[in-house]
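The structure appears below as structure tokens.
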Amino acid sequence: MNELQQLNPQQLEAATYGDGPLLILAGAGSGKTRVLTNRIAWLIGEKQVKPWNILAITFTNKAAGEMRERVDAQVGFGADSVWVATFHSTCGRILRRFADRIGYQLNFTIYDGDDQKQLMRDVCKSMNINTGVYKEKMFLSVISSAKDELLDPVTFAASAAGDPDMVRIGEVYKEYQRQLRNNNAMDFDDMIMQTVRLFQQCPDVLSYYQDRFRYIMVDEYQDTNTAQFHLVSLLAGAHGNLCVVGDDDQSIYSFRGANIQNILSFEQVYPSAKVVRLEQNYRSTPDILEAANSVIAHNRGRKQKRLWTENPAGPRISHVTVYSAYDEADFVARDIAKEVSMGTCRNADIAILYRTNAQSRILEEKLLMSGIPYQIIGGVNFYARKEIKDLLSYLRAIDNPRDDVAVHRIINVPKRGIGAATIAKLDAYAAVNDISFSEALDRSRDIPGIGKSAIKTGKFAALMNKLRKEAGTVTVRELLDTIIEETEYVEELRREGTEEAKDRIQNIDELINKIVTYEENTPEATLASFLQEVSLVADIDSLDGQAGKVLLMTLHSAKGLEFPVVYMTGMEEGLFPSSMALFGERPDEGIEEERRLCYVGITRARRKLTLTSARMRMNRGERDIHKVSRFIDEIPKELLDERELEPDSYGSAFGSRQGYAAGRGGGFAGRNYGRSAGDGEYGSGSYRGGNYGGGSYGSGNFGSGNYGAGSSESGAGRSFGAGGSGNRGGKPKGNGLFGKPLQLSKGAPQKADHLDYEVGDRVTHVKFGEGTVKELVDVGRDYQVSVEFDKAGLRKMMAAFAKLEKKK
DNA sequence: GGTTTGAAACTTTTT
DNA sequence: GTTTCAAACC
């Protein structure tokens with residue numbers, strides 16, 4: 001309790017405010033988590049509130065975990081009875097207990113984005129919808145928004161009357177929802193909406209939880225959507241002790257249905273609400289705060305507040321303009337290496353932020369080359385990887401036989417010789433008889449026209465039934481072992497023997513580890529509880545903090561985090577603010593949300609902030625010329641250390657260097673470098689000059705290397721490098737300037753007269769490190785070199801591109 | 001009928 | 001550079 005003495009007056013007021021609604025407007029870095037945990041401790045210690053009568057809701061598991069830890073540390077006895085959880089897991093727990101009251105089985109499956117898409121494809125197919133005109137994604141996004149607003153298919157249809165497009169969408173929504181229900185499945189949005197429905201339809205359940213949760217706290221309240229608002233209001237309906245914490249300036253999830261009005265009009269909804277403002281920032285230097293304040297001041301309709309700090313001054317904010325995204329990545333990598341070698345910071349202090357996930361690749365590449373350890377948050381979720389998803393689908397199909405999406409996914413994985421035609425017959429049979437796909441499988445022999453395929457499908461059905469039987473008696477881990485054994489899933493990968501297959505096996509091992517950890521830490525671990533846990537993990541949750549690595553993530557993922565050193569990359573009009581926001585339906589609102597995102601980014605930095613802008617960026621094979629982001633202009637000039645870097649050829653770059661040389665044809669900043677491609681002009685908006693050869697560099701047979709430090713890291717282990725699919729056969733498909741193969745255009749590496757290494761020599765490669773030359777083949781224009789690398793394994797590459805150096 | 005291969009389209013942010 | 005769709009191939 002002596003912790004309270006360390007709070008400032010406003011924090012103390014918020015932490016010790018008694019009953020009734022309470023709105024805490026907490027600016028960035030103002031210590032809101034501290035206030036929340038202190039409040040929980042105070043409620044229990046001073047107000048004699050029972051720990052199990054307290055509910056604290058967050059958005060991510062990570063935030064929940066942190067709060068849990070701090071509550072445990074501060075509250076002591078009884079702390080674990082405090083319910084700290086995310087919106088989705090809270091609803092999950094409630095629904096696992098009462099979903100049967102609203103027509104679901106308790107073992108319902110939770111569908112992620114991939115599952116939703118799959119299901120929507122089936123829906124569109126069954127309704128004969130031309131997805132060339134109406135995209136699945138569009139349907140899903142409208143349905144998602146509807147659910148966020150608590151509109152069920154019936155209400156939606158009513159509101160759609162008169163608008164033919166909306167009526168059509170309404171029909172799709174109805175069918176989608178019907179199939180979800182048939183599959184005994186819910187999507188993410190259902191979790192919230194169905195819980196609200198449960199409360200509305202079953203007053204006894206609602207009053208049970210109202211009585212259970214007498215004190216409710218909601219973190220990041222500005223990100224709640226309408227459904228979440230209703231959920232919270234219902235829960236707080238009896239006792240009225242609702243404490244919400246948020247910052248309207250950090251509302252960045254409107255695309256996900258977040259309704260900023262929830263926080264802006266809290267005082268209207270709860271007229272007796274007490275409002276406390278936390279404006280003292282404990283995180284950043286005065287310059288960084290000043291920059292953040294100046295940017296956000298351009299937004300209208302905010303709750304007035306201005307952050308201030310007593311923190312000492314720090315280094316100036318840098319803004320660096322470079323020519324290309326490649327130069328940007330190079331600058332960031334070099335700057336990090338410099339700072340770290342000077343001892344001003346450690347790798348673990350640094351975060352590189354960007355607007356879109358697509359920007360991460362080039363940064364990743366540069367960091368890898370510079371030997372800087374990094375971890376990427378986001379991109380491909382571990383649980384979304386093919387091999388993981390396959391095995392999880394087995395578990396899902398076992399747990400919930402009605403999960404048609406899961407059964408469809410695995411019926412021919414690994415290959416069992418069951419093809420599309422057979423599956424179509426099973427589907428038709430299931431539809432006619434109104435049974436699930438699994439049941440149709442069980443009746444394989446009765447299916448008309450199936451022929452001898454019934455032997456294969458029957459075998460598969462038998463396997464699934466055997467596994468289901470076993471599931472009741474063994475642990476999840478043992479069950480997975482059996483699946484892997486029976487299906488020879490890993491065996492198959494082992495036979496493939498490629499680097500990619502090895503990676504997949506590693507990921508499967510990692511999945512097994514996760515299951516073991518889960519079963520060890522969860523007393524009542526069941527297959528269903530494990531699957532729920534797994535489907536509700538977010539990318540950000542994998543961040544462990546002890547890694548000693550530079551972190552790369554989107555600005556969205558960075559919310560709620562702080563770092564001593566922050567790089568905000570891609571500060572360009574069209575990227576950030578994104579063109580989607582600029583040219584969307586409501587440009588004003590779009591820009592304001594982007595600006596809030598910028599505010600979030602700036603306020604992540606404690607000590608040193610570096611902003612970077614590239615003039616040119618490759619975008620879907622075209623180069624776009626961008627102006628510097630307006631947000632840079634919104635920062636007072638005197639706060640910025642402006643620098644402009646000239647493009648220059650960094651000798652070490654594999655591939656990009658060459659593309660760079662060719663791409664310069666149009667001339668940059670009025671100067672003419674090397675050859676002139678002739679067409680295209682700099683400065684007139686979008687440059688669409690000759691084909692830049694994006695993606696086709698390294699057109700030799702480079703293989704699809706898999707890099708990254710350990711595939712257990714989220715995002716690492718992603719493969720890049722040219723070659724692989726899309727460019728099979730070793731011949732460059734991509735066009736160079738004027739449609740000719742890039743290799744033939746000027747500036748591309750030429751075949752060397754001779755090579756200064758031969759078979760058996762030790763060589764070094766800029767990315768793969770050291771290795772031994774195994775084979776040299778003269779293929780006309782160039783030599784093809786095969787090298788067995790110590791770390792990266794056997795690689796084939798073209799000598800002119802590989803830039804191998806003989807080791808002395 | 002099933003599998004493999006090649007070409008085309010597509011990239012905001014996510015629980 | 002990745003994922004999806006159609007055609008060729010077995």
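Each chain gets a letter, A, B and so on, in the order the sequences are listed, and its residues count up from 1.
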Would you indicate, yes or no, if dT3(B) has its OP1 or OP2 atom less than 4.0 angstrom from a side-chain nitrogen or oxygen of Asn412(A)? yes

Nearest-neighbour nucleotide for the Arg361(A) side chain, dT15(B), dG2(B), dG1(C) considered: dG1(C)

Can you find a side chain N or O atom of Ser578(A) that sits less than 4.0 Å from OP1 or OP2 on dT13(B)? no

Give a yes/no answer on whether the side chain of Thr422(A) brings an N or O atom under 4.0 Å of OP1 or OP2 in dG2(B). yes

Among dG1(C), dT13(B), dT15(B), which is the nearest nucleotide to the side chain of Arg256(A)? dT15(B)

Pairing residues for Ser629(A) by the side chain to side chain donor-acceptor pair (under 3.5 Å) criterion, not counting sequence neighbours: none

Using a cut-off of 4.0 Å on non-hydrogen atoms, how would the nucleic acid contact of Ser579(A) be classed: base, sugar-phosphate, or nothing? nothing

Please classify the nucleic acid contact of Lys137(A) as base, sugar-phosphate, or nothing, using heavy-atom distances under 4.0 Å. sugar-phosphate

Within the pair Lys425(A) and dG1(B), is there a side-chain N or O less than 4.0 Å away from OP1 or OP2? yes

Cation over ring, Arg596(A) on Tyr599(A), under 6.0 Å and within 45°? no

Could you pull out all residues at least two apart from Ser251(A) that satisfy side chain to side chain donor-acceptor pair (under 3.5 Å)? none

When you match Leu597(A) and Gly449(A) each to their closest nucleotide on DNA chain B, which lands nearer the 5' end? Gly449(A)

With no hydrogens and no angle check, just 3.5 Å: does a side-chain donor-acceptor pair link Asn262(A) and Thr224(A)? yes

At less than 4.0 Å, is any side-chain N or O atom of Thr554(A) found next to OP1 or OP2 of dT12(B)? Yes or no. no

Under 4.0 Å: is that the gap between some side-chain N or O of Asn357(A) and OP1 or OP2 of dT13(B)? yes

Determine if Tyr253(A) stacks with dT13(B); use a centre-to-centre distance below 5.5 Å and an interplanar angle below 30° as the criteria. no

Hey, what are the protein-to-nucleotides 7-10 of chain C N/O distances that come in under 3.5 Å?
none

Sorted by first residue and then second, give each ring-ring contact (aromatic ring centres under 6.0 Å, His included) pair with at least one member in residues 568-598 of chain A; sequence neighbours left out. Phe576(A)-Phe631(A)

OP1 or OP2 of dC5(C) versus the side-chain N and O atoms of Arg121(A): is any pair under 4.0 Å? yes

With Phe108(A) via ring pair (Phe, Tyr, Trp, His ring centres under 6.0 Å) - residues at least two apart: none

Under the rule for side chain to side chain contact (heavy atoms under 4.5 Å, CB included), what residues qualify as partners of Asn225(A), not counting sequence neighbours? Asp148(A), Ala227(A), Gln228(A)

